[in-house]
> 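First the structure, which I've put down as structure tokens, then a few questions once you've had a look.
Each chain gets a letter, A, B and so on, in the order the sequences are listed, and its residues count up from 1.
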Number of protein chains: 2
Amino acid sequence: MADDDAQVPDRMGDPAHWATGRLLSTAARLVEHAWDAHLATWGLNHASFAVLWMVERGPLPQRSLATSASVQDQTMSRIVERLQRLGYVERARGTDDRRQVLVSITAEGRRVRGLAQDERLAEGLVTDAVPDPAALRRDLLALVRQLSPRRGGPA
Amino acid sequence: MADDDAQVPDRMGDPAHWATGRLLSTAARLVEHAWDAHLATWGLNHASFAVLWMVERGPLPQRSLATSASVQDQTMSRIVERLQRLGYVERARGTDDRRQVLVSITAEGRRVRGLAQDERLAEGLVTDAVPDPAALRRDLLALVRQLSPRRGGPA
DNA sequence: CATGATTACTCAGCAGGCTGAACGATTGTG
DNA sequence: CACAATCGTTCAGCCTGCTGAGTAATCATG
């Protein structure tokens with residue numbers, strides 16, 4: 001068996017032969033990795049940076065953060081816990097609905113968020129490598145819209 | 001503060017305003033999730049399925065699997081360990097180079113891989129949602145090629 | 001042949017994802 | 001007011017991904 005291929009045949013060593021889903025996952029992971037390397041300077045990563053971005057305009061319920069980010073509540077809970085440990089956000093019980101946990105950014109969190117922000121780097125990671133960034137955005141957006149669990153969709 | 005927006009302002013609730021990297025990560029995770037739901041029938045997921053696909057043609061060193069999949073050796077080690085636990089692959093020390101661990105597929109592994117294969121489902125997840133799947137593939141391929149750590153690049 | 005560098009892999013530990021189960025606060029209903 | 005249903009969050013546990021550190025085999029060099 002395997003009489004005409006090297007140890008790692010082109011068929012699998014070359015991404016050109018991968019299924020599109022695998023291509024998508026790998027590309028995402030590579031971009032994430034590069035972006036995380038930048039954010040690590042302030043103890044942040046792609047997930048926690050996105051949270052800081054969301055709460056910058058004002059306190060939000062943790063559940064809202066999870067929904068917007070398309071992750072489970074449990075996942076968001078740990079991300080916020082870590083941000084709190086770093087001193088970048090605070091958590092307080094909601095006043096009108098005391099079930100909620102309101103997440104608000106601290107002064108230090110706002111400062112760090114501003115420092116970490118680097119549109120040029122972030123977008124450049126993708127746009128510098130891709131022939132048609134606008135088309136890519138359009139396709140990714142279509143994917144996210146299509147696959148996001150729509151609450152109250154076609155009953 | 002926050003005098004003119006609802007609890008979750010459009011600015012962050014609507015993916016159209018996200019950075020491209022975040023769009024990419026989210027799209028990848030949503031596609032992965034749907035594909036994993038299918039593979040879970042046989043105890044597989046996107047990572048382990050890819051390994052079965054790679055070793056189907058013959059035994060390969062674990063390191064080669066890691067490199068092809070663009071993950072760390074440690075990550076691949078645990079994926080293979082789990083596949084071994086499921087009885088889908090076997091591990092054997094290399095004969096010529098006893099540092100290597102050669103991963104080979106079992107009969108059961110081959111059978112399950114065949115059952116789990118579903119090109120229509122896998123590709124359809126992406127192509128059914130996207131205007132121009134070919135352009136998406138081209139852009140993702142460019143990203144992977146650009147960001148993959150090239151060993152022996154410009155010295 | 002002995003020594004040191006390199007290679008292949010494993011172990012320990014952290015973080016982001018997931019599911020399932022529990023818990024407290026709120027809301028609805030009789 | 002008591003009680004059940006619901007909502008928001010947390011806890012436990014699993015998998016994938018990462019880094020850092022360690023071990024064993026191989027290779028290169030003197």
Side-chain angles (χ1 to χ4, degrees), chain A residues 7-8 22 25-37 39-40 43-51 59-86 91-103 149 151, chain B residues 7-8 22 25-40 43-51 60-67 69-86 91-103 149 151-152:
Chain A
Q7 276 209 325
V8 179
R22 203 175 156 209
S25 296
T26 304
R29 194 157 41 77
L30 292 173
V31 170
E32 241 171 39
H33 192 64
W35 181 226
D36 282 355
L39 295 175
L44 295 172
N45 56 37
H46 61 282
S48 43
F49 181 83
V51 170
L60 288 171
Q62 199 165 290
R63 161 69 60 96
S64 301
L65 296 175
T67 302
S68 291
S70 294
V71 300
Q72 303 301 112
D73 297 339
Q74 304 91 307
T75 299
M76 185 51 68
S77 186
R78 280 193 294 184
I79 295 170
V80 171
E81 178 192 327
R82 191 164 157 276
L83 276 170
Q84 188 179 28
R85 214 187 321 152
L86 290 169
R91 290 205 266 198
R93 219 74 212 194
T95 50
D96 55 329
D97 188 340
R98 292 177 46 76
R99 288 174 299 185
Q100 292 182 338
V101 168
L102 290 179
V103 180
R151 322 162 206 304
Chain B
Q7 276 210 328
V8 179
R22 202 175 157 209
S25 297
T26 303
R29 193 157 40 75
L30 292 173
V31 171
E32 242 172 36
H33 192 63
W35 181 226
D36 281 355
H38 168 73
L39 295 175
L44 294 173
N45 56 35
H46 61 282
S48 43
F49 181 83
V51 170
L60 288 171
Q62 199 166 290
R63 160 68 59 99
S64 301
L65 297 174
T67 303
S70 293
V71 300
Q72 303 301 114
D73 297 338
Q74 304 92 310
T75 298
M76 184 53 68
S77 184
R78 280 191 291 184
I79 296 170
V80 172
E81 178 193 325
R82 190 166 157 275
L83 276 170
Q84 187 180 27
R85 212 188 321 149
L86 290 169
R91 290 206 267 196
R93 220 74 213 193
T95 51
D96 56 329
D97 187 339
R98 293 176 44 75
R99 288 172 302 181
Q100 291 184 338
V101 169
L102 290 178
V103 180
R151 326 165 201 301

> Can any side-chain N or O of Thr67(A) pair as donor or acceptor with the backbone N or O of Arg63(A) at less than 3.5 Å?
yes
> Checking contacts here: which listed nucleotide (dG17(D), dT10(C), dC18(C)) is nearest the side-chain heavy atoms of Ile79(B)?
dG17(D)
> From the options dA15(C), dG17(D), dC18(C), select the nucleotide whose nearest atom is closest to the side chain of Arg78(A).
dC18(C)
> Between Val31(A) and His46(A), is the side chain to side chain contact (heavy atoms under 4.5 Å, CB included) condition met? List the steps.
CA-CA 10 Å; Val31(A) 170; His46(A) 61 282; over 6 Å; no
> For DNA chain D, whose closest nucleotide is more 5', that of Arg93(A) or that of Arg29(A)?
Arg93(A)
> Please answer whether the main-chain N or O of Leu65(A) pairs with a side-chain N or O of Ser68(A) as donor and acceptor at a distance below 3.5 Å.
no
> Does a side-chain N or O from Arg85(B) land closer than 4.0 Å to OP1 or OP2 of dC15(D), or not?
yes
> Side chain of Gln74(A), heavy atoms from C-beta onward: which of dG20(C), dC18(C), dG16(C) has the nearest atom to it?
dG20(C)
> Please state how far atom CG in Leu83(B) lies from atom C1' in dT16(D), giving the value in whole angstrom units.
13 Å
> Would you please test Gln74(A) and Arg78(A) for side chain to side chain contact (heavy atoms under 4.5 Å, CB included) and show each step?
CA-CA 7 Å; Gln74(A) 304 91 307; Arg78(A) 280 193 294 184; over 6 Å; no
> Rounded to whole Å, please give me the gap between CE in Met76(B) and P in dC11(C).
17 Å
> Could you check which of dC15(D), dT10(C), dA8(C) has an atom nearest any side-chain atom of Asn45(B)?
dC15(D)
> Quick one: Gln84(B) CD to dC15(D) C1', roughly how many Å, whole number?
17 Å
> Go through dG17(D), dT19(D), dC18(C) for me and flag the one nearest to the His46(B) side chain.
dG17(D)
> Side chain of Arg82(B) only, please: which of dC18(D), dG16(C), dC15(D) is the nearest?
dC15(D)
> Rounded to whole Å, please give me the gap between CG in Asp36(A) and P in dT19(D).
10 Å
> Nearest of dT19(D), dT10(D), dT9(D) to any side-chain atom of Gln72(B)?
dT19(D)
> Does a side-chain N or O from Ser77(A) land closer than 4.0 Å to OP1 or OP2 of dT10(D), or not?
yes
> Can you figure out which of dT26(D), dG16(C), dT10(D) approaches the side chain of Asp97(B) most closely?
dT26(D)
> Quickly work out the His33(B) NE2 to dC15(D) C1' distance and round it to whole Å.
14 Å
> What is the distance, to the nearest angstrom, from the CD atom on Gln62(A) to the C1' atom on dC11(D)?
14 Å
> Heavy atoms from C-beta onward define the side chain here; which of dT16(D), dT9(D), dC9(C) lies closest to that of Ala47(B)?
dT16(D)
> Evaluate the criterion side chain to side chain contact (heavy atoms under 4.5 Å, CB included) for residue pair Val51(A) and Met76(A); output intermediate values, then yes/no.
CA-CA 9 Å; Val51(A) 170; Met76(A) 185 51 68; 3.7 Å; yes
> Give a yes/no on whether any side-chain N or O of Arg98(A) is located under 4.0 angstrom from OP1 or OP2 of dT27(C).
no
> Quickly work out the His38(B) NE2 to dC18(C) C1' distance and round it to whole Å.
19 Å
> Has the side chain of Arg99(B) got a donor or acceptor atom sitting under 3.5 Å from an opposite partner on the base of dT7(C)?
yes
> Take Arg93(B) and Val101(B), measure what side chain to side chain contact (heavy atoms under 4.5 Å, CB included) needs, and give me the verdict at the end.
CA-CA 5 Å; Arg93(B) 220 74 213 193; Val101(B) 169; 4.1 Å; yes
> Report the nucleotide, chosen from dC18(C), dC18(D), dA8(C), that has the shortest atom-to-atom distance to any side-chain atom of Gln100(B).
dA8(C)
> Can you tell me how far P of dT23(D) sits from CG of Asp73(B), to the nearest Å?
18 Å
